Protein chains: 2
Amino acid sequence: MTSESIENYLGAMYRLQNEAGEVKLNQLADALNISGPAVTDMLKRLGQKDLVVYSPYKPVKFTSLGEQKAMQVIRRHRIWEKFLFEVVKFPWEKVHEEAERLEHSSSDELINYMEAMLDFPELDPHGNPIPSINGVLPRQNAMIKLADMNLLHSGIISRVNEHSQEFLMYLMAEGITLGKELRLIERRNFDNTLTITIDNQEKQISSMTAENIFMSNISNGGRDGKITE
Amino acid sequence: MTSESIENYLGAMYRLQNEAGEVKLNQLADALNISGPAVTDMLKRLGQKDLVVYSPYKPVKFTSLGEQKAMQVIRRHRIWEKFLFEVVKFPWEKVHEEAERLEHSSSDELINYMEAMLDFPELDPHGNPIPSINGVLPRQNAMIKLADMNLLHSGIISRVNEHSQEFLMYLMAEGITLGKELRLIERRNFDNTLTITIDNQEKQISSMTAENIFMSNISNGGRDGKITE
DNA sequence: TTATAAAATTAAGTAAGCTTAAAATATGAC
DNA sequence: GTCATATTTTAAGCTTACTTAATTTTATAA
Ligand SMILES: [Mn+2]
Ligand SMILES: [Mn+2]
Ligand SMILES: [Mn+2]
Ligand SMILES: [Mn+2]
């Protein structure tokens with residue numbers, strides 16, 4: 001009914017939807033690393049299966065059936081990531097890639113077993129929320145991009161929005177990991193490079209990096225614990 | 001390089017090779033639940049990839065490359081089965097089906113992680129040997145089919161050769177599980193139905209069932225521990 | 001050995017999911 | 001509003017992995 005390819009389209013659509021609010025075919029092609037015509041082609045087919053609403057030259061939308069299916073793909077992906085990380089002790093930077101394939105090859109029953117074994121986790125190892133079996137997302141803390149944080153504010157690193165091995169290994173090497181506190185010291189004007197402190201060390205962070213790190217529990221100045229976001 | 005479909009051909013070929021000594025296209029079609037022409041078609045392609053030696057109207061054979069690849073598929077399958085059974089506590093009768101898909105979707109690195117976590121098991125939950133990372137099978141106890149056992153001999157149930165849920169659930173319901181001792185009491189002549197004792201109970205076993213159960217540590221009569229097979 | 005049955009192949013066709021090249025449409029800078 | 005650019009679609013074609021129907025080859029048994 002839904003092939004591996006279709007599931008990847010649905011998953012990518014879901015992520016784009018979440019980031020950009022709408023899904024342009026171009027971005028889909030980019031995310032899936034395939035040509036534009038292939039995307040048009042597939043979306044027409046997804047339209048026929050009532051998974052998306054496709055009309056020419058317009059951003060594509062989920063039907064409610066499609067959104068449900070997408071949620072299930074996301075759920076399987078994130079439970080696999082959590083499972084590989086917590087149970088198998090597979091390296092943090094590699095679980096995404098592995099889950100990208102396993103998400104298509106496991107029964108719902110197996111996913112539910114793993115979820116129970118993990119005691120129904122709310123977050124995957126990158127800080128993304130895990131939909132329940134009914135497709136409901138757990139309530140999340142308010143978050144803002146590190147790139148958008150105000151000067152001299154601090155917060156907790158809570159999510160990364162890019163799962164490439166290279167990026168994640170860079171973060172680990174720099175000690176920029178989930179759960180740590182981080183304070184924004186300075187923003188260089190012409191290229192938005194940030195200076196931060198983490199573990200009492202100053203570090204420079206490129207704007208691209210800062211675009212992919214999300215912070216929660218923002219507090220102004222860091223003198224007290226007042227939460228402003 | 002090797003698609004899911006190709007891997008299933010290689011896996012099925014391996015099993016047939018092991019059971020029957022040679023692989024007829026017909027049997028492959030049967031095992032994979034596809035038509036004869038599809039098998040001919042694929043085997044020609046596998047020939048071009050130097051995975052098998054194909055010549056028309058003859059049983060097909062592995063090349064050494066093909067055998068290696070098949071071994072790796074078998075290895076992934078059996079490690080998954082063992083992992084699901086031991087770690088996830090997934091039901092015995094369902095691990096085969098799940099592994100049949102997962103075997104195509106996991107990196108070698110993940111397989112090796114799971115294998116280490118399981119402390120390098122030699123057998124999967126159905127009693128099949130697990131090839132090492134180098135494709136070497138562990139030494140196995142001598143086994144014979146329950147169907148071929150001599151009257152009044154007993155032995156240990158050590159392997160089942162059919163992994164369908166229906167069959168495995170039947171065995172569990174009857175208490176016929178790996179590791180138990182079983183003695184052959186009687187063989188009815190006209191249909192080879194067997195009478196056995198297991199757990200001090202008499203049971204009737206169809207010949208088809210007996211064809212799919214393998215015994216080790218055969219001892220004659222059961223009076224003493226002398227091993228004859 | 002010859003008829004019959006079983007096994008395998010050839011032929012023709014299909015659907016999914018891709019590709020590149022060319023054409024159409026939309027966007028957005030001035 | 002026009003024009004250049006970016007986005008999307010159409011067109012044509014390819015590979016993989018299947019199907020059924022018809023034919024050929026091999027195996028078996030009287
Ligand atoms: Mn991921
Ligand atoms: Mn995927
Ligand atoms: Mn199995
Ligand atoms: Mn398989």
Side-chain angles (χ1 to χ4, degrees), chain A residues 1-13 15-17 19-62 65-66 69-70 73 100-101 103-105, chain B residues 1-13 15-17 19-62 65-66 69-70 73 100-101 103-105:
Chain A
M1 196 82 272
T2 52
S3 65
E4 172 157 354
S5 199
I6 289 178
E7 291 186 350
N8 281 332
Y9 275 80
L10 296 177
M13 271 188 68
R15 277 162 243 190
L16 290 172
Q17 184 90 260
E19 279 168 47
E22 57 176 21
V23 183
K24 300 203 187 162
L25 305 216
N26 226 5
Q27 302 175 306
L28 254 183
D30 240 48
L32 295 168
N33 215 358
I34 58 185
S35 70
V39 172
T40 302
D41 209 41
M42 175 63 100
L43 288 180
K44 286 180 182 168
R45 255 176 289 136
L46 295 188
Q48 300 213 308
K49 287 180 190 289
D50 195 33
L51 294 169
V52 306
V53 180
Y54 171 78
S55 59
Y57 294 105
K58 290 211 274 197
V60 64
K61 286 184 197 146
F62 282 121
L65 176 61
K69 287 268 161 65
V73 177
E100 199 52 63
R101 280 170 285 110
E103 64 189 357
H104 314 291
S105 307
Chain B
M1 194 83 275
T2 51
S3 64
E4 172 157 350
S5 198
I6 288 178
E7 291 185 351
N8 280 333
Y9 274 80
L10 295 177
M13 270 188 69
R15 278 162 241 187
L16 289 172
Q17 183 90 260
E19 278 168 47
E22 58 176 22
V23 183
K24 299 203 189 162
L25 305 218
N26 225 4
Q27 301 174 306
L28 256 183
D30 238 48
L32 295 167
N33 216 357
I34 58 184
S35 71
V39 172
T40 301
D41 209 40
M42 175 63 100
L43 288 180
K44 284 178 181 169
R45 259 177 287 137
L46 296 188
Q48 299 211 310
K49 287 180 190 290
D50 196 33
L51 293 169
V52 306
V53 180
Y54 170 77
S55 60
Y57 295 104
K58 289 210 274 194
V60 64
K61 286 183 199 149
F62 283 121
L65 176 62
K69 288 267 162 63
V73 177
E100 198 53 62
R101 281 171 284 112
E103 64 188 358
H104 313 292
S105 308

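Residue numbering restarts at 1 for every chain, and letters A, B, ... go by the order of the sequence lines. Small disclaimer: the values here were computed from a predicted structure and weren't measured.
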Rounding to an integer number of Å, can you tell me how far [X] [atom1] sits from [N] [atom2]?
X	N	atom1	atom2	result
A:Leu25	C:dA24	CG	C1'	14 Å
A:Tyr57	C:dG28	OH	P	16 Å
B:Leu28	C:dA7	CG	P	14 Å
A:Ile34	C:dC18	CD1	P	5 Å
A:Asn8	C:dA16	CG	C1'	14 Å
B:Asp41	D:dT20	CG	P	14 Å
B:Met42	C:dA8	CE	C1'	17 Å
A:Asn26	C:dT27	CG	C1'	13 Å

Least distance between heavy atoms, [X] atom then [Y] atom:
X	Y	result
A:Val52	A:Leu43	CG2-O, 3.7 Å
B:Glu7	B:Glu103	OE1-O, 4.0 Å
B:Leu16	B:Leu28	CD1-N, 3.7 Å
B:Tyr9	B:Ala38	OH-O, 3.5 Å
A:Ser105	A:Arg101	OG-O, 3.6 Å

Taking OP1 and OP2 of [N], is either one under 4.0 Å from a side-chain nitrogen or oxygen of [X]?
X	N	value
A:Tyr9	C:dC18	yes
B:Arg45	D:dT16	no
A:Tyr54	D:dT9	yes
B:Ser3	D:dA17	yes

Between A:Pro56 and A:Lys49, just flag the one whose closest nucleotide in DNA chain C comes earlier from the 5' side.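 Residue closer to the 5' terminus by nearest nucleotide: A:Lys49.
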Could you please name the option among [options] that lies closest to any side-chain atom of [X]?
X	options	value
B:Ala38	C:dT19, D:dT19, C:dG17	D:dT19
B:Lys24	C:dT20, C:dG17, C:dA8	C:dA8
A:Pro37	C:dG17, D:dA11, C:dT9	D:dA11

At under 4.0 Å between heavy atoms, what does [X] touch on the DNA or RNA strands: base, sugar-phosphate, or nothing?
X	value
B:Ser35	base
B:Lys58	nothing
A:Thr40	base

